[in-house]
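Order of appearance sets the numbers: ligands from 1, and atoms from 1 within every ligand.
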Amino acid sequence: MFHHLILCAPIDHALLLLQAQLLLISVLLFTNPSHGSSEEWLLIDCGTRTSYTDGDGLRWQTDVGFISTGENNTNCYTINTPEKVKYLIRAGFYYGNYDGLSRPPTFDLVIDANKWVTVNTSSPEPVLHEIVYATKGDNFLVCLARTRPEEVPFISSLEVVPLATGMYSKMNRNYAWYLSHRVRFGGSDVVSPTKDDYNREWNPYQDPSLVSVAANFSSIFGYCADDPPLPVILNAAEPTAGDASNAISLSFEFPANSSRTNYVALYFTEVIQRDDGETREFVASVDGKEYGLEVSPEYQICSEVNVTTEPAAGDMKIELTAVSGSSLPPLICAAEIYTVGETLLAGSNEDDVNGVEEMKKSFSRLQAWTGDPCLPNNTVWEWLGCNANDPPRVRAIYLSGYGLEAGIPNFGQMQALEIM
Ligand SMILES: *[C@@H]1O[C@H](CO)[C@@H](O)[C@H](O)[C@H]1NC(C)=O
Ligand SMILES: *[C@@H]1O[C@H](CO)[C@@H](O)[C@H](O)[C@H]1NC(C)=O
Ligand SMILES: *[C@@H]1O[C@H](CO)[C@@H](O)[C@H](O)[C@H]1NC(C)=O
Ligand SMILES: *[C@@H]1O[C@H](CO)[C@@H](O)[C@H](O)[C@H]1NC(C)=O
Ligand SMILES: *[C@@H]1O[C@H](CO)[C@@H](O)[C@H](O)[C@H]1NC(C)=O
Ligand SMILES: CC(=O)N[C@H]1CO[C@H](CO)[C@@H](O)[C@@H]1O
């Protein structure tokens, strides 16, 4: 029973400078990507009234042109896309008391007909939510849904980056995949999104039982399918010298009572030219399961193992264990872990969507309603009732209170309609 609306909120400029890449909106270019390039991104910054190019040469603009106009002027963002491309999408929220009310709102973030996440903006830090999403058609919508009557949703940033064909190919396209962890091991600094062809941020994984080893080369000859950036690959971590176990044990935090299925990608390179007779071979296991992930990294080549894991609960344990006979311990450069969401809903019945679009054309008072009319089912348009079919159908139209005088248009194709 709540309205989808969007407010591109200004963000604190000092924080913007510190967190530029996190807080800016980028929406991409609608060409079919083969190599990641920031030139394929269209960048929108909620804190700006005019376009500009930043110090990294990235072009930023306002959200004008991406929002549908309505009673509240801004509703959903419509992102035009080529069909069947996967996107990395990151939404950022920084309240910073921009409205002077000291009332950080909680609301739903929605992508097409699907709930993405409930956003709680009470943190003093920017809140970021990131997914890999495969578009179904020639555009997709990102909407903010008001779920608490007194709280007005806003967004600070929305970054949409096309992924190259073949990236994350084990991620089933019928699901959204939520970023849970993305780490690099061989260094203590963050590798910023501007260093990554796909706008990914790589945070250091700190563990006293690991020691960093820098590669003695500065370029690689073989790339990984999921294409981590060079600074991440040129540094690895090994067990601290003297550790006899020849193993690396990693732990990644997850809610204790969650049931999670993850896509896990691990990245490696051999950082030294091994002497004759030296070997480095190890196996990776996730939550104690081996999945046949065997690694023998090669000098100056990125290698990757990846797996969609069986459901598990609580923290994730990843173990890298040297095979017997390996003269060198395991090493690792980086890891990404994405958690699968619910099956994506296709959207409400198409005839009904077309029917309500016709009604919106006839009644300007209805034009503020955007997004899917019946989905998610806690954000059904206020003047509609929907059934629980899959896909849902419009069951009722409640126009009293809207002061509508024009003739009712023909929406005879809305066959589930019982109440007007
Ligand atoms: C938002 O998060 C804050 C801090 O964790 C919490 O106190 C508050 O109850 C949350 N709001 C909602 C609506 O869940
Ligand atoms: C996943 O790992 C396999 C090897 O196990 C590799 O062939 C593939 O390119 C990797 N990447 C993707 C995106 O599947
Ligand atoms: C997990 O725990 C949280 C807090 O203890 C609770 O609110 C939530 O309902 C639990 N979820 C499940 C699936 O049990
Ligand atoms: C890297 O180390 C190997 C020996 O492990 C050496 O042969 C090679 O010249 C070094 N490369 C550079 C660029 O220093
Ligand atoms: C709303 O959708 C959720 C799944 O997203 C489902 O579990 C729930 O039963 C639905 N509620 C109604 C009233 O259809
Ligand atoms: C259609 C709709 O939700 N309109 C809202 C626009 O914003 C004003 C002020 O926040 C609300 O009072 C309207 O209800």
Contact partition for L293 relative to ligand 2, non-hydrogen atoms under 4.0 Å: neither
Criterion disulfide (SG to SG under 2.5 Å) on C374 and C386, from CA distance to verdict: CA-CA 6 Å; C374 300; C386 297; 2.0 Å; yes
Validation row, ring centre F107 to ring centre F93 under 6.0 Å: yes
Flag side-chain contact, heavy atom, 4.5 Å: L320 against F268: yes
Ligand 2 N/O within reach of Y168 N/O, cut-off under 3.5 Å: no
Ligand-residue contact atoms, ligand 2 with S169, heavy atoms, under 4.0 Å: 12 (C), 13 (C), 14 (O)
Those atoms of ligand 2 less than 4.0 Å from some heavy atom in D226: 13 (C)
Ligand-residue contact atoms, ligand 1 with T106, heavy atoms, under 4.0 Å: 11 (N), 12 (C), 13 (C)
Polar atom proximity, R148 to ligand 1 (N or O, under 3.5 Å): no
Atom indices of ligand 1, in the order listed, that fall short of 4.0 Å to a heavy atom of S122: 1 (C), 2 (O), 3 (C), 4 (C)
Heavy atom of protein inside 4.0 Å of atom 14 (O) of ligand 1, strictly below: yes
Enumerated ligand 2 atoms positioned under 4.0 Å from heavy atoms of A225: 9 (O), 11 (N), 12 (C), 13 (C)
Cysteines C224 and C302 with SG distance under 2.5 Å: yes
Ring-ring centroid check Y133 Y87, cutoff 6.0 Å: no
Contact (N/O only, under 3.5 Å) between K170 and ligand 2: no
Under 3.5 Å side-chain donor-acceptor pair for Y267 and E336: yes
Distance-only donor-acceptor check, side chains D372 and S348, under 3.5 Å: yes
For atom 8 (C) of ligand 2, the protein heavy atom that lies nearest, with its residue and separation: N306 ND2, 3.8 Å
Contacting atoms of ligand 1, where contact means under 4.0 angstrom from a heavy atom of N120: 1 (C), 2 (O), 3 (C), 8 (C), 10 (C), 11 (N), 12 (C), 14 (O)
Closest protein heavy atom (residue, atom, distance) for atom 4 (C) of ligand 2: E304 O, 4.2 Å
Pair N216-Y299, side-chain donor/acceptor within less than 3.5 Å: yes
Pair D108, N378: side-chain N/O donor-acceptor within cut-off below 3.5 Å: yes
Atom 9 (O) of ligand 5: the protein heavy-atom neighbour that sits closest, reported with distance to 0.1 Å: N377 ND2, 4.7 Å
Heavy-atom protein neighbour under 4.0 angstrom from atom 11 (N) of ligand 5: yes
Donor-acceptor side-chain pairing of Y95 and N97 below 3.5 angstrom: yes
For atom 5 (O) of ligand 5, the protein heavy atom that lies nearest, with its residue and separation: E342 OE1, 4.1 Å
Atom indices of ligand 2, in the order listed, that fall short of 4.0 Å to a heavy atom of G166: 13 (C)
Lys/Arg-Asp/Glu bridge criterion (N-O < 4.0 Å) met for D196, R182: no
